[in-house]
Amino acid sequence: MNTYIEVTNGAKTNYFYAFVEFKESMLVLSSFQGLNQSVVKKINLDEITGLVKDTYWGGQRISFSHQGTIYQFFECGPAVVDYLQENLFV
């Protein structure tokens, strides 16, 4: 599934359009930005804290923290938030 992600670490915030998938007990984020270097992040599901689902500007959003970094996943296309919810809220 593809969606927009906001990643905040301290005062630095980055935005990505990324492919999101679950492999075993990991959340894998892959972003390929044309000629730019690809971004791949693997997050252990057991290390996620502060998991929240809410509404942001009329769309659904899922947020959590991992090792001091805040990840926010925005509703972009059908079933993205449902897919995240089914795999994260277990």
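Tyr71 and Lys41 make their closest contact through OH-CE, 3.1 Å (heavy atoms, listed as atom of the first residue, atom of the second, distance). The heavy-atom pair separating Phe89 from Val52 by the smallest distance is CZ-C, 4.1 Å. In terms of heavy atoms, Gly68 sits closest to Asn9 at O-OD1, 4.0 Å. Residue Gly59 comes nearest to Glu75 through the heavy atom pair CA-OE1, 3.3 Å, listed as atom of the first residue, atom of the second, then distance. Of all heavy-atom pairs between Met26 and Asn44, the closest is SD-CA, 3.5 Å. Of all heavy-atom pairs spanning Met1 and Val80, the tightest one is SD-CA, 3.7 Å.
The backbone N or O of Tyr17 sits less than 3.5 Å from a side-chain atom of Ser31, completing a donor-acceptor pair.
A distance of 11.0 Å separates CD of Gln72 from CD1 of Ile5, quoted to the nearest 0.5 Å. To the nearest 0.5 angstrom, Arg61 atom CZ is 8.0 Å from Glu6 atom CD. Taken from OG in Ser65 to CD1 in Ile43, the straight-line distance is 10.0 Å, to the nearest 0.5 Å. To the nearest 0.5 Å, the span separating CZ on Phe64 from NZ on Lys53 amounts to 15.5 Å. Taking CG of Asn87 as the start and OG of Ser25 as the end, the distance is 12.0 Å to the nearest 0.5 Å.
In terms of hydrophobic clustering, with Ile, Leu, Val, Met, Phe, Trp and Tyr side chains grouped at heavy-atom distances under 4.5 Å, Phe73 and Ile70 are assigned to different clusters. Under the 4.5 Å side-chain heavy-atom criterion for Ile, Leu, Val, Met, Phe, Trp and Tyr, Leu51 and Leu29 are members of the same hydrophobic cluster.
A tilted orientation is assigned to the rings of Tyr56 and Phe74, their planes being inclined by 30° to 60°.
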Would you check, one step at a time, whether the test side-chain contact (heavy atoms from CB on, under 4.5 Å) holds for Ile62 with Leu88?
CA-CA 9 Å; Ile62 290 183; Leu88 291 172; 4.0 Å; yes
From CA spacing to verdict: side-chain contact (heavy atoms from CB on, under 4.5 Å), Tyr15, Val7
CA-CA 6 Å; Tyr15 297 90; Val7 180; over 6 Å; no
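A 4.5 Å side-chain heavy-atom check between Val20 and Asn2 finds every atom pair outside the cut-off.
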